[in-house]
Amino acid sequence: MKFSKTYEPNQYEPDIYALWEKSGAFRPKDNPDADPYTIVMPPPNANGNLHIGHGLTIALQDILIRYHRLKGDNAWYIPGADHAGFETWVVYERRLESEGKTRFDYSRDDLYNQVWNFVHEQRGNMELQIRALGASCDWESLTFTLDPKVIDTVYGTFEKLWHDGLIYRGEKLVNFCTKHQTAFADIEVTHKDEKGKLWQIAYPLVKETHGVKELIVSTTRPETLLGDTAVAVNPKDDRYNDLIGQMVKLPLTDREIPIIGDEHADMEYGTGVVKITPAHDQNDYEVGQRHNLPMITVIGYDGKMNANAGANYEGLTTEQARRKCLEVLKNQGLLRGETEIEHSVGHCYKCDTVIEPLLKEQWFINVKPLAERAIKVLKEGKIKFHPASKKQVLINYLSQLKDWNISRQIPWGIPIPAFVNTEDPTDWIFDTRVDQPEIKVKGKTYRRDNDTFDTWFSSGQWPYITTSSREAHYPTSVMETGADLLFQWVGRMIMLGLYVTNDTPFKEVYMHGMVLDEKGQKMSKSKGNVINPIEVVSKYGSDALRLGLIASRSAGVNQAFSTSKVVASRNLCNKLWNIARLIQDLVDKGKESDEVVVDNLCEDWICREINKTSKELQKLLEHYRFAEAGDLIYDLIWNKYADWFIECEKLWKDTALLKSTFEQILIMMHPFAPFVTETIWQTLSWTEGMLINQSWPIPYKYDEAMANHFDELIAIITDIRSHYQALPGAQKYPVAFHDDPLMYKNQLLIQHLTKCPCVPQINLNEIKGLRLAVQGHNIYLQIPEDIHKKYKANLEDRILKLGREIETLEARLRSPNYVQKAPKELVEETRNTLAEKQDLLGKMKAEFSYI
RNA sequence: GGGCGGUUAGCUCAGUUGGCUAGAGCGCGUCUUUGACGUAGACGAGGUCAGAGGUUCGAAUCCUCUACCGCCCACCA
C-alpha cells in the first residue's frame, strides 16, 4: 500500500475495522497480571438509528477503552442493544395503526412475537453504525436486554425484592397516558408550565352555620368535582375551623360531603378552601388516605367520564365535561369567577397527551431503603462524579423519591413473573412460567399478570448483568452516559446494584451534555435539525467526527455541534497522513540504521515534548478532560512535530529517530483517531502487527539543556521571520551574529528555516544592522541604512513594548509585600527576567541611537 | 418554591489545585506555487475575562451581591 496525496477515510475505515474485529483485538486479554478496565456501553435502541449523541458517547468511551488497552489493562468494552420497551412499542403501535389495526386485535403473546420480529429485522443497522463510529467493543459479549440471562437476573431481583417485602401490589394513583393506555413512573412524566384557568365554585352548606351559607373552592379542573368526597380547610384557619365536621352539598350531584380539616389546605391560597378528589389528584389522594375518604373514580382509562360521573356526563371527554359542568354551574349561580393562572401540567413524553392521575393496581417498589443506602454510599464518596456537582443533585433527588411503579400496560417488554389466583384477587404468587396464561399451583388456578416491566427496571441492573461472565470486571470502571439519565438510569443502577451485589455498580460516573445543533438548539425530528452521525462519517471520516465532537466540550454541558471543528479535525488527520508520507519517503531514500541517536537540538527538544505530552495526556485522560487532551495532541502533532521537528529533519534525516518518534505519536493519537492512525500503521513499510495492540510509549532520554537551546532557536527564527515579513520589500537579509555559540553551531538550520542568504559571524567592531529582541543573544539582521530608517517606527514600537514589560516587572518588585510574601523562586525568577530584559533594552537603545 | 449551570477574541468555546505575556478552532489581514500536506506554510491584528464590592503580595480562577441567559426538580388547588 502506498500513501496517496490526501487521506480518504472512506477508502480505509471499513477494512481497518474488520481487521481489528477479526483479529480479536476487541476481546479483553484476561491477562492475570493486568488490571481490569471496563466500560459498559449504554445500550442503544435495537431498532433505532444512532443519533449524534451516540457519536459523542461512543467517542468518549472508546477513547478511554483504547487508552487503557494501550496502557496494558484488560480493557473490556461491552456493547448492548436495548429492546427499549415503550419507545419501540410506540413505533410499532403507529405501524399497526397505519395498517388499520389496533393492539386489541391480537393477544399479548402475538404482539410480543410481532414486535420481536420487527426489532430483529432492524437490529443489524444499529450495530453497523456502532462499527462505523469505531467502537472497539467486544461483540461476542453483546447483550440484548431481552436475552435469557437478562430476564433470569431481572426475575431473580424481582423475587428477592418480593421476599424482602420491598415489592408490593397496590391500588394507587398512577400517571396514566390515555392514548398509550399505560402507566408511567413519575420521572417519565414531562411537566410543562401552561396557561390555565382557576374557577371559583360555591358549595352550599347543608346547614347554615354562624351565618355561613356556602364555601367557595378554587379549582383548575371543575369536571373532577363529580368525584369530590370532601372539602378541606386548614385546621388553623379561624375563618372556617368551626365548620369542620359539617356537610356541604356537592353541586351537580345529590351527594353531601364533609368539611374536613387538613394542613394541605393553604390559608393563603384563593379562598383557603380546597375540594378533595382522591381518585384524580395526587394531593387529594393523600388527604383521602389520612381521612379515610371514599374514592370515586369518575374518569376512565379511556380518558372519558364514566358512569360514576352521572348520566349527564358519562361518555364525555374531560374537556367536554369541563365545559358542561361550568355551564350548569353558571346557570345555577354557583360559578363565582375565573382567573387566569399559569400552572404545571403533566404530559406523556411521547404523544404529549395530558397525563391523567388514575387509580390503578400496579407493582411498586418501596424505594426508601434502596435510596437511603444509595445516599449513604454517595455521601461517603464511593462513586466519583464528573461533573462533581451531579452527585449532590442525585442525592437531593433520591431523598425525596417516591415509590416506583414498575408495571407497564404494554406487550413489548419483560413479562412480570406474577400470577393471581382466579378465585382470590389478593392472592398473588411469584412464578416465572410467563409463557403460560394460566398455571396451576396446589390445585388452584392462577392467571398471569399481563403487564411488563418498566424498561428501566432491567436497565437498572445492566452493569452486573453484562459483566457476569468476568466477575473481576465488576464494579465497572466508569459509567459514561448522558446527563439527562442521572435520575432515570444512574440513580437506579446505584440503588439496584447495591441491593443485589452489595457493591456500587461503577467506580466513577462521567456524564456528557447534549449535542445541540449548530445554532445551539435542541435537535428534534419535528424541527428538522437532526444531524446524522453516519452522514458526517461518510463526508469527513469517523476520526474527524470523533475529534470534532470532543473538542471544546466539558462534562455535563450541552453544546452545539460544530462543523468547523469537524473540518479542522479532518485536516489534522490529513496532516498526520502527510507526515507519514514524508517520513516513509525519507525512510525509503535513507540509509539503513535502526539505532536511535539523539544528537541534534531539535531531537532533544522533540523527545522532551513527546515525553511531556505523554505524561500530560495520561493525566488529562485519567481526569476525563477529553477536550484538553485532544488539544494537546493536536498541538504536539501540528505545531511541534510537523512545524519544527519535521522541518529540521529535512536536513538531518535521522530516519531511526523519525520512525521511533512517529510511532510514539501514532500510539498516543490512536485513542482519538483510531482509523487514520491504524491505517498509517498498516501502510508504513517497517511497522508490524496492529497499532491497537501496541503499548503506551516509554519516555525518551534526552538532554534538557539541548532542548532549552532549541527553544531559544525557535525564538530567534520566529523573530527573523517576523522581521522579514514586516520589513519593506521582500528582500531577505543576512543574519549576522557575534560571540554566540548557539548561532555558530546552527547556521545551516537557520538558513534552512528562514531562507536567509547567509549567517556570517562578525566582530564587535563590525556590528551594525538590526538587533533581534532575543534575550541573551547578539544577532543582527544586516539591513541597509535607508531601510533601517524606514523601519524606525517598527523598532520604536518594539522598544516601547519591551519598556512596558520592564515597567510591569519593576512595579512588582517595588512592592515589599510581593518580595516578602511571594514564593522565593518566583521572586528570583522575576528578578532574572527583569535583568535580562533591561540588558536587552539597553543594547537596543544604544544601537537604535545610531540611526 | 427549591436546586444547578452559564456570561472570556468577530463566532463557537477551553482555562486542573489563585502565579508572571489569558489559549484553541474557525473567521480576518499580509506574504509564500520551498517536491509531505493549499484540507498547506510563514507572519500578524484582535480580549477593561458580564457589573460592583471583598479576601490576597497576586484573582478569569476564591467569597458576597447585582444583572441577563439557560437547564433540572417540586403536590401548588
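Every chain is numbered from 1, with letters handed out A, B, ... down the list of sequences. Just so it is clear, the values below take in all heavy atoms, side chains as well, and ignore hydrogens, waters and symmetry mates.
- The base of B:U39 sits within donor-acceptor range of the side chain of A:Arg570, with an N or O pair under 3.5 Å.
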Nucleotide N/O to protein N/O under 3.5 Å, stretch nucleotides 4-9 of chain B:
none

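- The side chain of A:Lys5 has B:C37 as its nearest neighbour among B:C37, B:C73, B:G19.
- Comparing B:U21, B:C75, B:G15 by their closest approach to the side chain of A:Lys402 singles out B:C75.
- Taking atom CH2 of A:Trp199 as the reference point, atom P of B:A77 lies 12 Å away to the nearest angstrom.
- Closest to the side chain of A:Ala642, from the set B:U39, B:A42, B:A36, is B:A36.
- Aromatic ring centres of A:Trp577 and A:Tyr12: separated by under 6.0 Å.
- Both distances falling under 3.5 Å, in either a Watson-Crick or a G-U wobble arrangement, occur for no nucleotide opposite B:A36.
- Nearest to the side chain of A:Asp266, among B:C76, B:C43, B:A74, sits B:C76.
- Below the 3.5 angstrom threshold, one finds no donor paired with an acceptor across the side chain of A:Lys821 and the base of B:U56.
- As rounded to whole Å, 15 Å separates atom P of B:U39 from atom NZ of A:Lys539.
- Rounded to whole Å, atom P of B:U34 lies 20 Å from atom CG of A:Leu748.
- Under the Watson-Crick or G-U wobble criterion, with both distances below 3.5 Å, B:G25 is paired with B:C11.
- Set against B:A77, B:C37, B:C20, the side chain of A:Glu829 has B:C20 as its closest nucleotide.
- When both pairing distances are held under 3.5 Å, B:G1 makes a Watson-Crick or G-U pair with B:C73.
- Of the candidate nucleotides B:C57, B:C20, B:C37, B:C37 has the atom nearest to the side chain of A:Glu647.
- We find that CG of A:Leu620 is positioned 11 Å from P of B:U16, with the value rounded to whole Å.
- Here B:G58 presents its P atom at 7 Å from CG of A:Asn817, a figure rounded to the nearest Å.
- Distance alone, capped at 3.5 Å, is enough to place a donor-acceptor pair between the A:Thr271 side chain and the A:Ile216 backbone.
- Out of B:G35, B:U16, B:A77, the shortest distance to the side chain of A:Lys589 is found at B:G35.
- A distance-only check finds a donor-acceptor pair linking the side chain of A:Gln751 to the backbone of A:Pro757 [under 3.5 Å].
- In terms of modelled atom types and a separation under 3.5 Å, the side chain of A:Gln725 and the main chain of A:Ser722 share no donor-acceptor contact.
- Checking B:C57 for Watson-Crick or G-U wobble geometry (two distances, each under 3.5 Å) identifies B:G19 as its partner.
- On a pure distance criterion of 3.5 Å, no polar donor-acceptor pair joins the side chain of A:Glu805 and the base of B:U21.
- Counting only heavy atoms from C-beta on, A:Asp643 has its side chain closest to B:A42 among B:C57, B:A42, B:A77.
- Residue A:Tyr634 contributes atom OH, which lies 5 Å from atom P of B:C26 at whole-angstrom precision.
- Nucleotide B:A42 forms a Watson-Crick or G-U wobble pair with B:U30, both donor-acceptor distances falling under 3.5 Å.
- Taking the ring centre of A:Tyr724 as origin, the terminal cationic atom of A:Lys732 falls inside the region bounded by 6.0 Å and 45° from the ring axis.
- The nucleotide whose nearest atom lies closest to any side-chain atom of A:Ala265 is, among B:U16, B:A36, B:A77, B:A77.
- Of the nucleotides present, B:G6 is the one that pairs with B:C68 by Watson-Crick or G-U wobble criteria, both distances under 3.5 Å.
- If you check B:C37, B:G19, B:A14 against the side chain of A:Gln559, the one that comes closest is B:A14.
- Taking the six-membered ring where the residue is Trp, A:Phe626 and A:Tyr510 present perpendicular rings, their angle passing 60° and hence far from 30°.
- Atom NE2 of A:His191 and atom P of B:C73 are 8 Å apart (whole Å).
- To the nearest angstrom, P of B:C72 lies 24 Å from NZ of A:Lys391.
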